[in-house]
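Given the structure is predicted, the values throughout are model-derived calculations rather than measurements. Every heavy atom of this structure was used, including side-chain atoms; hydrogens, water molecules and symmetry mates were not.
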Amino acid sequence: MKTLIVGSGASGLILAIKLKINNPQHHIIIIDKNNKPGRKLSVAGNGKGNIGNTKLSSCYYRDKDISDLIFNKYNFDKQCEFFENLGIKTKIINELCYPFSESAKAFVDYLFEYAITQGVEFKFAEELLDYESNSKISIKTNKNTYMVDNLVFATGGKSYAKLGSDGAIFHILKDHGYIINKMYPGLCPIKTKEATKVITGLRLKCKVNLFLDEKKYYEETGEVLFKDDGLSGIAIFNTSSIIARNINNFKNACIILDLFPNMTMEQLEYEFMKKVKNPYFNVLKGYFVPNVANYILKRINFNIDKIINNKQDIKALASICKNLSFTYLDLYDFENAQITIGGLSLINLNQNLSSKIENKVYFIGEIIDNDGLCGGFNLMWAFGSALYLGDIL
């Protein structure tokens with residue numbers, strides 16, 4: 001049996017190893033237009049390698065059915081067990097799973113070396129040009145031609161093009177008749193109508209609420225980072241993916257930050273009223289750095305030098321702190337996105353991740369339109385779909 005895998009990222013590496021474990025005689029070839037494996041995986045978790053999440057559930061993914069199919073067989077514990085059996089010790093920090101080394105690069109290097117020792121054949125700086133699926137699959141690259149029994153696409157989407165994931169493969173798939181859902185950046189910063197440049201680089205721990213026509217669609221508490229033209233941070237990344245999954249319906253979305261999520265409006269008003277007894281500073285300067293305090297005051301047209309000492313002003317101040325609103329303008333581009341929203345439609349696939357259009361052609365990982373939220377979920381989809389397919393081929 002000979003299988004060619006296009007892409008040596010998270011899903012491609014794991015599939016190759018799984019196939020070799022199941023059948024050492026299985027001839028595995030991986031081609032990749034990059035000059036080394038796992039380039040995107042090597043920077044996961046800010047380089048620390050956040051490879052999983054103890055809260056793994058289909059609710060964090062775009063498609064519940066395909067997620068349940070994969071994770072019912074390869075849940076969090078099963079994926080960790082797979083790595084432990086390879087010799088990779090893992091650790092849990094809060095709910096996030098990391099390799100014991102806390103090094104994404106070391107994790108990739110280990111997988112690569114393990115695959116080589118098992119006889120996986122790697123072909124770098126080699127790009128797929130086209131293929132034909134008959135009784136055997138004929139594959140043409142910029143360097144070679146191959147005849148194989150199975151062809152697996154594990155190329156990723158369009159995010160992080162500088163790391164090789166540029167979406168070029170979708171042009172070939174379209175020519176073969178596949179339905180490709182429109183792609184958008186996911187897990188990325190959000191551009192807003194309201195100016196934020198004066199507080200660029202500052203961070204606030206708050207609750208992020210996504211609203212459309214006064215209806216709340218998503219909320220998450222976390223750290224928000226202010227950029228020159230909008231908002232960033234993990235909670236914002238997840239909000240961006242919620243928007244991108246149904247972007248036409250969220251063109252008029254509003255993001256509201258609750259800067260005091262652990263207090264009700266009444267509690268915050270009472271808290272502020274206690275502070276007005278100190279006439280030296282404005283109320284907010286006891287809670288925020290000056291730039292943030294001044295920014296909030298300007299958003300409600302308060303003079304930053306005004307001493308707030310009446311109930312009406314306190315109510316206005318508490319209201320803006322509980323409802324600091326930003327109007328959604330746009331998502332950042334793919335170069336600033338961790339994941340791709342869209343891609344190969346699930347309409348094209350059977351339950352075993354094989355093509356409905358061509359024989360012995362399969363798909364795993366980010367190339368499939370089933371993105372997850374931030375926190376190791378997308379890598380668990382990449383690993384899980386690879387392990388699942390590894391038991392089929």
Side-chain angles (χ1 to χ4, degrees), residues 1-20 22-23 25-34 37 63 66 69-70 115 119-158 164-183 340 342-370 381-382 384-393:
M1 181 72 69
K2 181 184 287 189
T3 295
L4 187 141
I5 302 170
V6 185
S8 65
S11 54
L13 284 171
I14 295 304
L15 175 61
I17 292 171
K18 178 65 172 172
L19 290 175
K20 276 295 189 179
N22 289 352
N23 179 10
Q25 302 306 312
H26 199 140
H27 185 183
I28 311 296
I29 303 169
I30 296 183
I31 65 169
D32 197 310
K33 62 183 179 182
N34 291 307
D63 190 277
I66 190 69
L69 179 71
I70 300 301
V120 177
E121 188 177 351
F122 287 86
K123 303 283 188 178
F124 293 114
E126 188 160 344
E127 186 172 0
L128 177 75
L129 299 180
D130 206 353
Y131 67 96
E132 290 184 9
S133 174
N134 297 304
S135 57
K136 290 275 190 178
I137 300 176
S138 174
I139 298 167
K140 182 179 181 182
T141 74
N142 59 327
K143 293 183 177 181
N144 294 294
T145 57
Y146 302 91
M147 293 294 292
V148 299
D149 300 291
N150 305 303
L151 171 62
V152 181
F153 287 95
T155 55
K158 288 185 67 175
S165 181
D166 60 5
I169 198 71
F170 292 108
H171 298 293
I172 296 175
L173 295 177
K174 279 184 178 180
D175 289 342
H176 281 250
Y178 290 94
I179 296 171
I180 308 299
N181 294 335
K182 189 170 182 179
M183 288 170 278
T340 302
L344 183 78
S345 173
L346 289 163
I347 293 173
N348 301 291
L349 302 183
N350 297 304
Q351 281 202 332
N352 63 357
L353 304 182
S354 67
S355 167
K356 291 181 178 178
I357 298 173
E358 301 169 306
N359 292 327
K360 298 297 184 178
V361 177
Y362 302 84
F363 300 87
I364 53 175
E366 188 186 346
I367 191 172
I368 301 171
D369 185 7
N370 186 40
W381 165 250
S385 58
L387 292 169
Y388 179 86
L389 182 59
D391 287 333
I392 293 170
L393 293 182

message = Pair Glu126, Asn142 - check side-chain contact (heavy atoms from CB on, under 4.5 Å), show working.
response = CA-CA 6 Å; Glu126 188 160 344; Asn142 59 327; 3.6 Å; yes
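- Heavy-atom contacts from other residues, nucleotides or ligands closer than 6.0 Å to NZ of Lys174 number 12 or fewer.
- The distance from the CG atom of Asn370 to the OG atom of Ser345 is 11.0 Å, given to the nearest 0.5 Å.
- Taken from CD in Glu366 to OG1 in Thr340, the straight-line distance is 4.0 Å, to the nearest 0.5 Å.
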request  = Show your reasoning for whether side-chain contact (heavy atoms from CB on, under 4.5 Å) applies to Leu353 and Ile70.
outcome  = CA-CA 10 Å; Leu353 304 182; Ile70 300 301; 4.3 Å; yes
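- Phe153 and Tyr178 have their aromatic ring centers separated by at least 6.0 angstrom.
- The two residues Lys360 and Ile137 have their closest heavy-atom pair at O-CD1, 3.1 Å.
- We find the CD1-CZ distance between Ile28 and Phe122 to be 10.0 Å, quoted to the nearest 0.5 Å.
- Remark: the backbone N or O of Lys2 is paired with a side-chain donor or acceptor of Asp149 at under 3.5 angstrom.
- Asp32 contributes no side-chain N or O that, together with a main-chain N or O of Pro37, makes up a donor-acceptor pair within less than 3.5 Å.
- Here the side chains of Val148 and His27 are not in contact, with every heavy-atom distance at 4.5 Å or above.
- For the pair Asp369 and Met183, the minimum side-chain heavy-atom distance is 4.5 Å or more.
- Salt bridge absent: Asp166 and Lys158 never bring a charged side-chain N and a carboxylate O closer than 4.0 Å.
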query = Going through the checks in order, is the side-chain contact (heavy atoms from CB on, under 4.5 Å) test met by Tyr388 and Ile364?
reply = CA-CA 9 Å; Tyr388 179 86; Ile364 53 175; over 6 Å; no
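- With rounding to the nearest 0.5 angstrom, the CD1 atom of Ile357 is 7.0 Å from the CD1 atom of Ile179.
- Leu19 is listed as a side-chain neighbour of Leu15, based on a closest heavy-atom distance under 4.5 Å.
- Listed for the Ser11 side chain is no donor-acceptor partner under 3.5 Å among the backbone atoms of Ala386.
- The line from CG of Leu129 to NZ of Lys143 is 11.5 Å long, rounded to the nearest 0.5 Å.
- Contact check for Ile66 versus Ile368: no side-chain heavy atoms found under the 4.5 Å cut-off.
- Between the side chain of Thr155 and the backbone N or O of Gly7, no donor-acceptor pair lies under 3.5 Å.
- Side chain of Lys20 to backbone of His26: a donor-acceptor contact under 3.5 angstrom is found.
- Between Phe170 and Leu344 the shortest heavy-atom distance is CE2-N, 3.7 Å.
- Taken to the nearest 0.5 Å, the OH atom of Tyr131 stands 5.5 Å off from the CG atom of Leu173.
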Verdict with supporting geometry, Leu151 and Ser133, side-chain contact (heavy atoms from CB on, under 4.5 Å) = CA-CA 9 Å; Leu151 171 62; Ser133 174; over 6 Å; no
